[in-house]
Enquirer: 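Quick one: structure below, then a few questions.
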Amino acid sequence: MLRIEGIGKHFGGVPALSDVTFRCREGWTTALIGPNGAGKSTLINCISGILAPDTGQIHLQGLRLDGLPAHRRPFLGVGRTFQNLALFPRLTVLENVLCGLTPQGEPSMLRSLLRLPATRHRERLLRLKALEMLDAFGLTDKSQWPVSILSYGDRKRVELARALVSEPRLLLLDEPVAGLNAEETARIGTEIRRLHGAGLTILLVEHDMDLVMSVSDHIVVLDSGRAIASGTPGQIRSDPRVIEAYLGRMSATA
Amino acid sequence: MTPRDKILYFLRLHRTGLTVWLLAGFLLAFPALAGNPYVLGISNLIAVYLIAVIGLNLFIGYAGQISLGHAAYVGLGAYGSALLTIHFDLNPWVAMAAVAAAVAFAAFLVAIPTLRLSGHYLAMATLGFNIVCHTVMTQWDQVTGGPSGLAGIPPLSLGGVSIDDEAKFHYLVWSFAIVVLTLGLNLARSSLGLALAAVAQNETAAESLGIQVGRAKTRVFVLSAVLASLSGSLFAHCFTFINPDSFTIFNSIELVTMVVIGGLGSIWGSLFGTTLIVLLPEFLHFFDAFRDIIHGLILVTVLILLPQGLVSGLRDLLRIKLLAGRNNA
């Protein structure tokens with residue numbers, strides 16, 4: 001499904017990723033873990049096109065993604081959420097989710113200006129679709145709220161709804177539960193399992209190990225920009241290199 | 001649903017369209033109510049400005065960009081129409097369309113390097129373009145008539161009737177203004193309008209949802225320049241005389257003030273902002289000497305107190321208050 005091959009990325013002279021290679025299998029939830037600064041978000045940004053890798057290739061179902069502009073990738077089925085939320089604060093919940101439907105139809109300027117019946121009909125359909133998605137997330141009551149007045153947990157779910165409404169084939173989740181309380185975390189966990197059950201391919205970056213261990217089929221560990229281990233949750237838990245990456249340095253500085 | 005509910009539902013569903021019709025009806029009767037060419041002259045000026053202000057609001061208010069040089073495009077429209085009709089005897093309507101097309105192309109060329117910039121840099125670049133245009137209008141005497149400008153611009157005519165008095169002009173410019181207002185409202189409510197708002201609020205997120213940020217900005221910039229050009233052409237035919245003083249950077253800032261007072265991203269707000277700024281000198285007679293200072297003061301005050309602009313700022317506050325109230329109940 002998704003093939004990451006030899007991805008390298010430098011910021012100035014600092015290597016953020018070097019020669020990272022792994023695969024996400026279709027229908028699997030693959031987790032990407034590692035200490036802070038390991039390059040997890042950088043990799044997500046390379047896949048979604050916000051950053052261009054210096055070396056290596058990214059393939060999605062045989063299509064080469066690297067080199068394509070970021071705005072083309074949603075059309076190929078790549079959806080994502082952001083680590084620190086990237087909602088449109090002054091738009092309503094519904095409008096935010098509607099923005100996620102961009103791949104369902106590019107509006108032409110002339111048609112938008114004239115607001116012909118066909119255009120209106122199409123926009124009504126998009127609206128219905130967005131409302132259905134809000135319903136699935138229990139956000140119907142708040143559809144007309146500007147997102148700036150929502151709780152953090154609600155905002156995270158709006159962002160997830162926005163990423164899912166265009167029915168992506170690959171969903172990139174960058175720390176979906178960072179900053180959430182236990183209850184909200186469990187809610188997102190349930191959501192991820194539901195999507196997994198529906199056959200969506202997910203690449204999850206997360207620090208919450210309980211969540212990672214409970215939802216992932218496969219885990220890739222990054223440390224200082226390198227993929228140091230990969231395997232099932234059980235294998236990763238007992239891998240000495242992983243334990244060292246997480247704990248070793250702490251004992252070295254202690 | 002009871003008949004009363006049905007009526008209320010109809011009103012709610014079609015509130016935008018009905019308001020436009022209401023405004024159109026009022027404007028149809030306005031010359032009879034005003035009865036005085038001076039008042040009509042002022043209202044015509046509002047319409048002429050409004051056409052440019054709505055375009056600028058799409059660019060500033062919806063797409064979240066800044067232009068301190070839109071008077072340049074108004075000027076290009078005015079000078080283009082004047083030159084083509086005076087020197088080449090071109091039909092004013094043909095001239096207006098040709099100039100608008102040329103301005104669209106010019107704006108497209110300007111947009112390629114300029115719209116890569118943002119914030120202060122974009123403000124400076126657009127300001128610079130205005131200064132260049134103004135300098136050309138002032139210095140290129142043989143063509144533009146220099147500082148004294150161009151006179152004897154022929155009036156527009158429609159079906160053999162020459163549009164040469166305030167009342168006839170009223171119907172012409174307000175027809176244009178209503179059409180532009182409707183187009184603006186349509187665009188604002190479309191998914192393209194939403195995409196523009198998304199670009200304004202988070203370019204990275206917009207891009208990763210599939211919105212072509214650069215293209216969206218360019219398109220709305222070209223649209224706003226075309227509307228500015230139309231406004232300029234109407235201005236030229238209305239006054240039959242133009243000079244560079246109407247197209248300086250201070251005029252650009254006046255246009256921005258109209259947008260900001262009305263509210264960023266509110267088409268109806270543009271109508272309010274334009275009306276207020278055009279009417280202000282009529283009520284404050286010391287205004288002329290301090291014009292730019294007062295505009296600056298209004299601009300800064302509104303931006304500090306209600307960064308979204310007066311009308312949309314108040315609207316947003318009210319909306320949040322209402323939602324909070326409903327939530328507590």
Side-chain angles (χ1 to χ4, degrees), chain A residues 44-45 47-50 69-76 78-82 85-92 94-116 119-120 122-123 126-127 141-142 144-149 159 162-163 165-166 172, chain B residues 16-17 54-55 58 61-62 64 104 179-180 182-216 218-220 222-223 226-227 264-265 307-308 312-313 315-317 319-324 326-327:
Chain A
I44 291 269
N45 285 338
I47 300 170
S48 78
I50 289 169
H71 62 77
R72 285 301 310 156
R73 301 189 194 197
F75 290 84
L76 300 172
V78 181
R80 73 164 294 178
T81 65
F82 289 82
L85 284 175
L87 290 167
F88 308 116
R90 292 194 300 278
L91 297 185
T92 64
L94 177 62
E95 286 169 335
N96 266 279
V97 174
L98 274 172
C99 286
L101 281 169
T102 310
Q104 308 281 308
E106 274 189 296
S108 100
M109 182 91 151
L110 194 63
R111 283 185 192 182
S112 307
L113 284 170
L114 296 178
R115 205 161 183 260
L116 299 172
T119 319
R120 274 149 81 173
R122 220 203 47 182
E123 296 205 338
L126 293 181
R127 229 178 139 81
D141 293 345
K142 296 172 182 166
Q144 297 304 321
W145 290 26
V147 290
S148 58
I149 62 173
E159 209 190 28
R162 186 181 71 179
V165 73
S166 64
L172 310 170
Chain B
T16 307
I54 286 174
L58 290 171
Y62 281 88
V179 169
V180 169
T182 310
L183 295 180
L185 287 166
N186 285 347
L187 184 69
R189 285 181 294 167
S190 71
S191 32
L192 184 59
L194 207 56
L196 291 176
V199 168
Q201 296 177 39
N202 193 329
E203 287 193 11
T204 310
E207 190 94 19
S208 72
L209 293 173
I211 296 166
Q212 292 188 51
V213 171
R215 183 153 168 263
T218 305
R219 289 203 286 184
V220 70
V222 169
L223 176 70
V226 166
L227 292 178
L264 301 175
Q308 282 304 296
S312 18
R315 186 195 58 195
D316 289 354
L317 273 183
R319 191 162 70 162
I320 290 177
K321 279 258 156 62
L322 281 175
L323 283 170
R326 204 185 301 163
N327 230 23

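A, B, ... follow the sequence lines: proteins, then strands. Residue 1 opens every chain.
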Enquirer: Under 6.0 Å from the CZ atom of Arg189(B), do we count more than 12 heavy atoms belonging to anything else shown?
Expert: yes
Enquirer: With a 4.5 angstrom heavy-atom cut-off, could you sort out which part of Leu91(A) is near chain B: side chain, backbone, both or neither?
Expert: both
Enquirer: Please check if the side chain of Gln201(B) supplies one atom and the backbone of Arg90(A) the other of a donor-acceptor pair under 3.5 Å.
Expert: yes
Enquirer: Below 4.5 Å from any heavy atom of chain B, which atoms of Gln144(A) appear? Answer side chain, backbone, both or neither.
Expert: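 Contact with chain B is through the backbone of Gln144(A) alone.
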Enquirer: So for atom CZ, which belongs to Arg111(A), do other residues, nucleotides or ligands contribute more than 12 heavy atoms lying within a distance under 6.0 Å?
Expert: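 At most 12 heavy atoms, drawn from other residues, nucleotides or ligands, come within 6.0 Å of this atom.
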Enquirer: CG of Leu98(A) to OG of Ser191(B): how many Å apart, nearest 0.5 Å?
Expert: 8.0 Å
Enquirer: Please report the shortest heavy-atom distance between Gly210(B) and Phe75(A), naming the atom on each side.
Expert: O-CE1, 3.6 Å
Enquirer: For Leu113(A), is it the side chain, the backbone, both or neither that has a heavy atom under 4.5 Å from a heavy atom of chain B?
Expert: both
Enquirer: Donor-acceptor pair, distance only, cut-off 3.5 Å: does the side chain of Gln212(B) make one with the backbone of His71(A)?
Expert: no
Enquirer: Quick one: are Leu209(B) and Phe88(A) in side-chain contact, heavy atoms under 4.5 Å?
Expert: yes
Enquirer: What part of Thr81(A) gets closer than 4.5 Å to chain B, counting heavy atoms only: side chain, backbone, both or neither?
Expert: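 Answer is neither: Thr81(A) stays 4.5 Å or more from chain B.
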Enquirer: Identify which part of Glu123(A) has an atom lying under 4.5 Å from any heavy atom of chain B, answering side chain, backbone, both or neither.
Expert: side chain
Enquirer: Going from CD1 on Ile50(A) to CD on Glu203(B), what distance comes out if it is rounded to the nearest 0.5 angstrom?
Expert: 12.0 Å
Enquirer: Which distance, rounded to the nearest 0.5 Å, do you find between the OG1 of Thr119(A) and the CG of Leu192(B)?
Expert: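 Output value for this atom pair is 11.0 Å.
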Enquirer: Taking every non-hydrogen pair under 4.5 Å, which of Ala195(B), Ser190(B), Ala197(B), Ala216(B) racks up the most with chain A?
Expert: Ser190(B)
Enquirer: Let me know if Leu87(A) has heavy atoms under 4.5 Å from chain B in its side chain, its backbone, both or neither.
Expert: backbone
Enquirer: Among Asn186(B), Leu187(B), Ile211(B), which residue has the highest count of heavy-atom pairs closer than 4.5 Å to chain A?
Expert: Asn186(B)
Enquirer: Looking only at non-hydrogen atoms, find the nearest pair between Ala205(B) and Ala86(A) and report the distance.
Expert: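 For Ala205(B) and Ala86(A), the tightest heavy-atom pair comes out as CB-O, 3.2 Å.
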